[in-house]
Amino acid sequence: MTTATAHPTRTARPRRPWTPAQIVLTLLGTAVSAVFLAPLAWALFTSLKSETEAVEVPTHWLPHDWTGQAWTALFETGNITNWFVNSLVVSVCVTTIVLLVAALAGYGFARTEFRGKGVLMGVVMAGLMVSPAVLGVPLFTTVQQMGMVDTYWGMILPQCAPAAMVYILYKFFQGIPRELEEAAFIDGAGRWRVFFTIIVPLSRPSLAAVGIFTFISSWNNFLWPYMVTNNPDLMTMPNGIATVMNSYGIQWAQLMAGGLMAGLPLIVVFVFFQRQIVAGVAHTGLAGQ
């Protein structure tokens with residue numbers, strides 16, 4: 001004999017009406033989003049115009065004649081694939097080296113005591129006050145003397161002096177309880193094992209944020225790759241897009257198409273790693289409390 005068990009019916013909760021504060025915040029967020037999305041929409045619509053229509057005055061948002069001529073011309077006249085690969089190689093290498101250097105330096109400043117530590121930390125922080133443009137000439141001279149002009153390493157190594165990233169990880173490492181490391185030392189673990197098995201796993205949010213910020217900065221870097229290489233085969237996306245012009249002036253439709261292609265990887269990175277960015281910034285901010 002079977003007995004039927006009655007399941008309680010779930011009643012839908014009545015939806016609460018929006019408060020005035022929620023309405024204001026929603027409208028404000030929508031307005032801010034529209035301001036940030038407007039340039040992307042303008043670039044997309046301009047890339048779908050003909051070159052003649054793109055420079056018409058007065059300007060208009062939507063194209064009268066929708067065409068993919070600018071995208072086709074960009075792939076035919078420009079070496080987009082090569083530019084993309086170059087940017088990817090440079091950005092990934094810079095991000096990897098910066099993560100390794102910044103993590104080791106930040107941990108060293110946070111956990112070890114040595115003579116001249118305060119002076120050395122001051123020198124590192126002084127790097128935040130110097131504009132990269134000021135260092136262009138001495139860096140180029142150094143790279144030239146080392147024979148790395150028109151090479152990948154010439155574009156990569158000068159971007160691997162991350163004073164800001166060292167400070168971010170330094171402040172985060174200071175917030176990690178020392179008891180975790182002391183317990184590992186008692187169990188016989190060495191400094192390197194503690195760093196890679198305890199510190200690094202606990203620092204994933206901050207390391208992710210540092211890596212994403214470094215990747216975005218390296219991908220968007222125009223000045224240094226422009227200075228250190230004259231080889232068209234080594235152009236990165238920003239440098240390659242800057243060549244989209246001829247004797248008649250800038251090809252605006254092609255320029256907008258190239259800009260969208262250059263920004264697409266950054267949008268993808270932010271969409272998929274936005275949680276890591278927020279978590280990394282939040283953890284880093286709390287570490288100094």
Side-chain angles (χ1 to χ4, degrees), residues 74-106 108 124 127-128 130-169 196 200 206-245 254-255 257-270 272-273 276-277 280:
L74 187 66
F75 279 96
E76 290 178 352
T77 60
N79 197 352
I80 291 293
T81 303
N82 201 16
W83 299 344
F84 186 89
V85 171
N86 291 337
S87 289
L88 189 63
V89 170
V90 172
S91 299
V92 170
C93 291
V94 169
T95 302
T96 303
I97 296 174
V98 165
L99 282 175
L100 180 62
V101 172
L104 291 175
V124 173
L128 296 174
V130 181
S131 172
V134 176
L135 300 176
V137 174
L139 279 177
F140 178 80
T141 303
T142 303
V143 169
Q144 188 179 36
Q145 292 175 350
M146 298 176 66
M148 292 192 299
V149 175
D150 286 334
T151 64
Y152 277 127
W153 288 114
M155 291 188 287
I156 292 170
L157 292 181
Q159 299 186 58
C160 299
M165 305 309 171
V166 170
Y167 183 75
I168 290 174
L169 294 179
F196 285 108
V200 171
S206 291
L207 290 174
V210 167
I212 293 169
F213 292 149
T214 303
F215 181 88
I216 293 175
S217 176
S218 178
W219 184 277
N220 289 328
N221 194 348
F222 171 82
L223 181 60
W224 179 248
Y226 178 77
M227 291 178 60
V228 80
T229 179
N230 293 318
N231 188 350
D233 294 331
L234 291 177
M235 282 186 176
T236 57
M237 284 294 286
N239 301 130
I241 293 171
T243 63
V244 184
M245 61 183 66
Q254 292 185 40
L255 188 62
L260 288 173
M261 289 196 63
L264 183 61
L266 304 183
I267 296 174
V268 172
V269 167
F270 180 79
F272 284 97
F273 295 99
Q276 286 79 356
I277 296 175

[atom1]/[X] to [atom2]/[Y] distance, rounded to the nearest 0.5 angstrom?
X: Asn79; Y: Thr81; atom1: CG; atom2: OG1; answer: 6.5 Å
X: Leu260; Y: Ile267; atom1: CG; atom2: CD1; answer: 7.5 Å
X: Ser217; Y: Ile212; atom1: OG; atom2: CD1; answer: 13.5 Å
X: Ile216; Y: Asn221; atom1: CD1; atom2: CG; answer: 13.5 Å
X: Leu169; Y: Leu104; atom1: CG; atom2: CG; answer: 10.0 Å

Determine yes or no for a side-chain-to-main-chain donor-acceptor pair under 3.5 angstrom, with Ser218 supplying the side chain and Thr214 the backbone.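 Not at all, since once roles are kept as given, no pair shorter than 3.5 Å links the two residues.
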Got a sec, which residues hit side chain to side chain donor-acceptor pair (under 3.5 Å) with Asp150, two or more places apart in sequence or on another chain?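 Side chain to side chain donor-acceptor pair (under 3.5 Å) list for Asp150, sorted by chain: Thr229.
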Among residues at least two apart in sequence or on other chains, which ones pass side chain to side chain donor-acceptor pair (under 3.5 Å) with Thr236?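 With sequence neighbours excluded, Thr236 shows a side chain to side chain donor-acceptor pair (under 3.5 Å) to Asn239, given in chain and number order.
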Can you name the residues that form a side-chain contact (heavy atoms from CB on, under 4.5 Å) with [X], not counting sequence neighbours?
X: Tyr152; result: Asn86, Val89, Val90, Met155, Ile156, Leu234
X: Thr96; result: Val92
X: Ala105; result: Val166
X: Val268; result: Leu264, Phe272

Closest heavy-atom contact between [X] and [Y]?
X: Ser91; Y: Thr95; result: O-OG1, 2.7 Å
X: Ser87; Y: Met237; result: OG-N, 2.7 Å
X: Ile80; Y: Phe75; result: CG2-CE2, 4.1 Å
X: Trp153; Y: Ile97; result: CZ3-CD1, 4.1 Å

Report, one line per pair, each donor and acceptor closer than 3.5 Å where one atom sits in a side chain of residues 135-143; sequence neighbours left out.
from	atom 1	to	atom 2	distance (Å)
Thr141	OG1	Val137	O	3.0
Thr142	OG1	Pro138	O	2.9

Could you name each residue pair satisfying ring-ring contact (aromatic ring centres under 6.0 Å, His included) that touches residues 215-234, not counting sequence neighbours?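 Qualifying pairs: Phe84-Trp219, Phe215-Trp219, Phe222-Tyr226.
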